[in-house]
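Keep in mind the model is a prediction, meaning the values are calculated, not measured. Here is how names work: the chains are called A, B, and so on, in the same order as the sequence lines, proteins then strands, and each is numbered from 1.
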Amino acid sequence: MSLKLYNTLTRKVDEFRSIRPGEVALYTCGPTVYNYAHIGNLRTYIFEDVLKRSLGWCGWKVKHVMNVTDVGHLTSDADSGQDKMEKGAAREGKSVWEIAGFYWQAFKEDLVRLNILPPDVWCKATDHIAEQIGMVKALEAKGLIYRLEDGIYFDTGKLGDYGRLARLDVAGLQAGARVDLVQGKRNVTDFAVWKFSPKDSKRLMEWPSPWGVGFPGWHLECSAMALKYLGEQLDIHCGGVDHVAVHHTNEIAQTESITGKQWVSWWMHGEFLTMGEGARMAKSEGGFLTLQALIDKGYDPPAYRYFCLNAHYRQQLAFRWESLDSAATAFERLRNRAIELRQAAAANSAGTADAQTASSGRLADFREAVEDDLNMPRALAAMWGLLKNSKLPARQAWADLLDMDRVLGFGLETIQPRKIEVDADLAARVEKLIAERTAAKKEKNFARADEIRKQIAELGVELKDTPQGPVWRKL
RNA sequence: GGCGGCAUACCCAAGCGGUUCAAGGGGACGGAUUGCAAAUCCGUUAUCUCGUGGGUUCAAAUCCCACUGCCGCCUCCA
């Protein structure tokens with residue numbers, strides 16, 4: 001049980017130790033369900049999945065909580081007064097609740113398609129309004145909040161170490177702030193813990209509170225739900241790097257103000273997937289790639305997972321189609337190799353002592369990579385080392401591969417050959433051509449055979465002659 | 001303006017003081033196999049080299065400084 005992890009709090013890689021022996025309380029920031037997740041979001045969830053699997057693989061029992069932000073919060077168009085949820089609802093002519101339900105479901109499906117294990121607890125912000133109001137009350141009792149026209153704000157100036165996580169230079173922020181100052185805020189870094197509904201319009205989502213009708217500030221939900229499900233101290237809290245400076249910093253401020261204890265031992269952040277051609281992938285900017293878009297282009301979701309695992313989680317990764325192609329090819333080889341190995345293993349007897357040794361060497365490399373701050377590129381290298389080792393008895397290699405897959409999460413145990421939906425019409429045409437070609441081959445009329453193969457290729461079908469006869473598949 | 005990161009072969013990407021002066025994947029090329037292909041297997045593909053220029057050190061891709069280029073955050077974007 002030795003695992004070294006980078007901690008944003010200390011900016012160092014340290015050996016992970018849980019608060020309670022053998023158990024890990026893990027909180028990961030979940031999606032705001034007003035639209036589909038884009039592949040950049042998904043990269044972060046893949047990283048968190050690898051973290052969670054690695055903890056389990058190293059022997060910890062993990063309790064994982066993930067929130068779902070279904071409360072509308074403000075868009076970046078500060079003056080519009082509309083929030084993302086309501087905007088999504090207006091766009092699609094549905095209620096905010098329908099929107100939230102729909103995209104949450106879509107998100108869950110993405111997780112399944114990427115072999116991301118679901119959390120033990122899903123918690124929705126709107127199911128925890130009372131807890132959030134309770135936190136504001138607690139903050140009020142400590143004299144840490146103040147009231148402005150549009151909401152109740154947290155006074156960050158009262159905290160000595162505000163911004164410790166992000167190492168914020170608060171003075172510097174004030175000097176160079178390019179954030180529009182809310183009128184009356186005492187510090188640039190102050191943030192809303194409760195927002196009032198606009199006087200002239202009724203929001204679709206709003207709740208009464210001791211301070212007035214409105215809705216909770218965004219940062220509050222994670223604090224409230226993490227406290228509820230994981231207690232006052234938890235081991236690891238994750239999210240995207242963009243959350244370091246604001247969201248997580250504010251979560252810490254609120255939570256630790258209330259409990260008086262260090263809340264989170266380990267903060268971990270996944271780096272961004274960037275779009276090669278300058279365009280940034282952001283939900284709020286309209287154009288973004290979803291997992292479904294990749295599928296529509298013919299990629300299998302685990303190929304995207306492979307693409308992500310090929311780079312370290314703390315490294316920015318530029319999305320390029322050719323890089324994805326490269327990952328997709330590698331993943332197909334892995335899939336085929338795994339299927340062969342599974343079949344061979346079923347027929348094979350256990351290995352010799354020598355083979356056992358060779359095998360444990362590979363596993364040792366793999367373990368070292370995992371334990372070194374989740375170095376998946378190295379872990380994949382170890383996996384290929386195992387697959388390339390033809391001396392290893394199949395049963396042994398298969399057992400080791402499955403063990404590695406507990407971390408990698410490609411679902412190799414039950415993986416099936418890639419199949420692409422083909423309509424019956426096309427299938428019939430291809431079969432007919434193949435029959436003709438087989439006949440031509442029998443007569444040694446290879447020119448004719450090649451011509452037919454060309455015709456088949458024009459239908460977007462790849463034809464292979466195997467010892468078992470011709471095999472085809474739609475590309 | 002503040003904070004942070006990155007520059008390694010054709011591409012992606014590990015390595016972060018010596019113990020391999022550089023993993024793995026993709027691609028390309030050569031060979032085996034094939035009627036020819038595909039798939040598969042074997043081999044080759046950074047050796048005045050790790051953006052450039054200095055420095056530290058017995059020793060640097062790995063540490064320090066400068067420069068250049070790129071990227072991200074500081075907006076309720078993962």
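Residue contacts for A:Arg164: at a heavy-atom cut-off of 4.0 Å it reaches no nucleic acid atom on any strand shown. Backbone-only contact: A:Leu317 has heavy atoms under 4.0 Å from sugar-phosphate atoms and none from a base. Here A:Lys441 lies in heavy-atom contact (under 4.0 Å) with a base.
Of the charged side-chain nitrogens involved, none lies within less than 4.0 Å of a carboxylate oxygen, so that A:Lys454 and A:Glu451 do not count as a salt-bridged pair.
For RNA chain B, the stems formed by at least three consecutive Watson-Crick or G-U pairs, with both atom-pair distances below 3.5 Å, span B:1-7 with B:68-74, B:10-12 with B:24-26, B:27-32 with B:40-45, B:51-55 with B:63-67.
Within 6.0 Å of atom CZ in A:Arg147, more than 12 heavy atoms from other residues, nucleotides or ligands are found, so the atom counts as buried in its surroundings.
The shortest distance between the side-chain N/O atoms of A:Asn375 and the OP1/OP2 oxygens of B:G15 is below 4.0 Å.
Atom P of B:A23 sits at a distance of 15 Å from the matching atom of B:G43, rounded to the whole Å.
When distances run from any side-chain atom of A:Leu273 to the nucleotides B:A78, B:C73, B:A14, the shortest one goes to B:A78. In the set B:C36, B:G25, B:C73, the nucleotide with an atom closest to the side chain of A:Phe272 is B:C73.
Heavy-atom minimum distance, A:Ala394 versus A:Ala344: CB-CB, 3.5 Å.
Whole-Å rounding puts the A:Glu462 CD to B:A39 P distance at 7 Å.
At least one donor-acceptor pair under 3.5 Å links the side chain of A:Asn336 to the backbone N or O of A:Glu332.
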